[in-house]
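A quick note: this is a predicted structure, and the numbers were derived from the prediction, not measured. Throughout, residue positions are numbered sequentially from 1 according to the sequence presented.
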Amino acid sequence: MNKLMKFGAIAAAITAAGAVSAGTLDKVREAGELACGVSEGVPGFSNPNSDGVWVGLDADFCRAVAAAVLGDANAVRYVPLASKQKVLAVSSGQVDMTSRTTTWTMKRDSAEGVDFTAVVYYDGQGFMVSADAGISSAKEMDGATVCVTTGTTTELNLADFGRANGLSLEPVVFEGKREAVDAYASGRCDALTTDMSQLAAFRTGFSDPSAHKILPEVISKEPLSPLVAHGDNQWKDIVTWVVFGIISAEELGVTQANVADMAANSSDPSVQRMLGSSGDTGGFIGLESTWMADAISAVGNYGEIYDRNLTATLGLERGLNAQWKDGGILYAMPIR
């Protein structure tokens, strides 16, 4: 009897886990759209253009997931989220995923009801100051006031940097990133601190970008990754493998322009598996065999996304975000 009860409990747990894993995929399909959390506006990553269309690297990964799951890259409802909302919105089910310059940390990944998927951008925190401030290093900022967003890894890193270098840095905290940027631009703080890519993005929006200087120190590691609700294993797998597929496409030479031809004619087994010409990789995660071909057709490969949103808009070089074969650390797990 005890063995039967234990078996019954295990079977119930497996059944419950299966119900959870199917939850978000079914929800998205029933809604006919992907609710994707994005920033309140960071050029190059997620920002509405002059026509009100969300563009940027993070916005494109929302589109890629929608294309893979629904076959329609435009079936995305973008939900702008402040820094303090970006994790809670996912764990509470307000959004299906967040693709919003969010740093993968131990606490978030283990104790806040969310799971990270795969890194889409390797970043690091830095500082921006007025070009005429006479400061060439962050270690010269003793006594400076620093605009920072509250409740973020950015705020914690600022405190760690000050302690580690014996600097007295006075944080001036704001609820939202835009408020912090505007306060710095108006002269309320001596410096602004956030991820280096965002410093470059916000500087482009100033009336005179050359009047502001990004200091050379990178004081942290900021691996940015989409996140999903904890416990939904199938949905986590879907978002994770869409990211890996987009990265792999660049490595294998599959582009937005040639994806249909590659699907029909490539003799490379890796390309065939990824694009659904052989095998059933889509079936592993509950999607159609054309899941990655649909995603690449919609947004292109990683290099195309990067060039369109970060090189063209912000002038950011690939750096760490180059493919592993080209001196970077961008590396996708094999689709097989």
Side-chain angles (χ1 to χ4, degrees), residues 33-49 52-63 65 76-105 107-109 111-117 120-121 123-128 145-159 171-186 188-189 191-206 220 222-230 239 309 314:
E33 67 175 13
L34 173 74
C36 196
V38 290
S39 74
E40 295 176 292
V42 177
F45 287 89
S46 54
N47 196 51
N49 65 16
V53 177
W54 283 87
V55 296
L57 181 142
D58 286 334
D60 275 346
F61 276 104
C62 296
R63 288 190 179 89
V65 172
V76 181
R77 176 167 56 88
Y78 293 96
V79 182
L81 300 171
S83 293
K84 64 180 181 179
Q85 300 172 314
K86 60 189 178 184
V87 174
L88 181 59
V90 176
S91 63
S92 67
Q94 179 187 350
V95 296
D96 304 314
M97 62 178 285
T98 288
S99 183
R100 185 208 177 282
T101 56
T102 305
T103 302
W104 190 335
T105 68
K107 180 181 179 182
R108 287 172 176 166
D109 198 40
E112 295 190 359
V114 297
D115 288 331
F116 286 84
T117 54
V120 298
Y121 191 86
D123 212 339
Q125 185 174 330
F127 297 90
M128 182 159 56
T145 56
V146 184
C147 285
V148 63
T149 309
T150 189
T152 61
T153 57
T154 310
E155 186 179 16
L156 300 175
N157 292 335
L158 174 64
V172 182
V173 299
F174 299 88
E175 290 292 325
K177 187 68 62 66
R178 175 52 59 186
E179 291 89 340
V181 173
D182 291 344
Y184 162 76
S186 67
R188 289 181 59 187
C189 311
L192 171 69
T193 186
T194 187
D195 294 350
M196 296 291 273
S197 63
Q198 293 188 46
L199 292 176
F202 290 127
R203 185 171 62 173
T204 63
F206 294 155
S220 70
E222 306 293 330
L224 309 181
S225 167
L227 58 153
V228 297
H230 179 71
V239 177
N309 295 300
L314 305 178

ask   = About how many Å separate CG of Leu81 and CZ of Arg100, when rounded to the nearest 0.5 Å?
value = 6.5 Å

task = For Asp123 and Leu224, indicate whether the former's side chain and the latter's backbone hold a donor-acceptor pair under 3.5 Å.
result = no

ask   = With distance as the sole criterion, is a donor-acceptor pair present between the side chains of Lys177 and Thr194 under 3.5 Å?
value = yes

inquiry  = With a 3.5 Å distance limit and no angle check, can you tell me whether Ser220 reaches the backbone of Gln125 through a side-chain donor-acceptor pair?
reply    = yes

task = With sequence neighbours left out, write down each residue that passes salt bridge (Lys or Arg N to Asp or Glu O under 4.0 Å) with Arg188, or none if nothing qualifies.
result = none

ask   = Please, which pairs that meet salt bridge (charged side-chain N to carboxylate O under 4.0 Å, His left out) have at least one residue in residues 193-206, sequence neighbours excluded?
value = none

inquiry  = Under the rule for salt bridge (Lys or Arg N to Asp or Glu O under 4.0 Å), what residues qualify as partners of Glu112, not counting sequence neighbours?
reply    = none

task = Could you walk me through whether Glu222 and Thr154 pass the side chain to side chain contact (heavy atoms under 4.5 Å, CB included) test, one step at a time?
result = CA-CA 9 Å; Glu222 306 293 330; Thr154 310; 5.8 Å; no

ask   = Which pairs with one or both residues in residues 85-97 pass salt bridge (charged side-chain N to carboxylate O under 4.0 Å, His left out), sequence neighbours excluded?
value = Lys27-Asp96

ask   = If only atom types and distance count, is the side chain of Thr117 paired as donor or acceptor with the main-chain N or O of Pro226 below 3.5 Å?
value = yes

ask   = Say you draw a straight line from CD of Gln94 to CG of Leu88; how long is it, rounded to the nearest 0.5 Å?
value = 7.5 Å

inquiry  = Using only atom types and a distance under 3.5 Å, with no angle test, would you say the side chain of Ser46 pairs donor to acceptor with the backbone of Ser39?
reply    = yes

ask   = With sequence neighbours left out, what residues match Glu175 under salt bridge (Lys or Arg N to Asp or Glu O under 4.0 Å)?
value = Lys84

note = Contacts of Phe45 meeting ring pair (Phe, Tyr, Trp, His ring centres under 6.0 Å) (sequence neighbours excluded), chain-then-number -> Tyr121

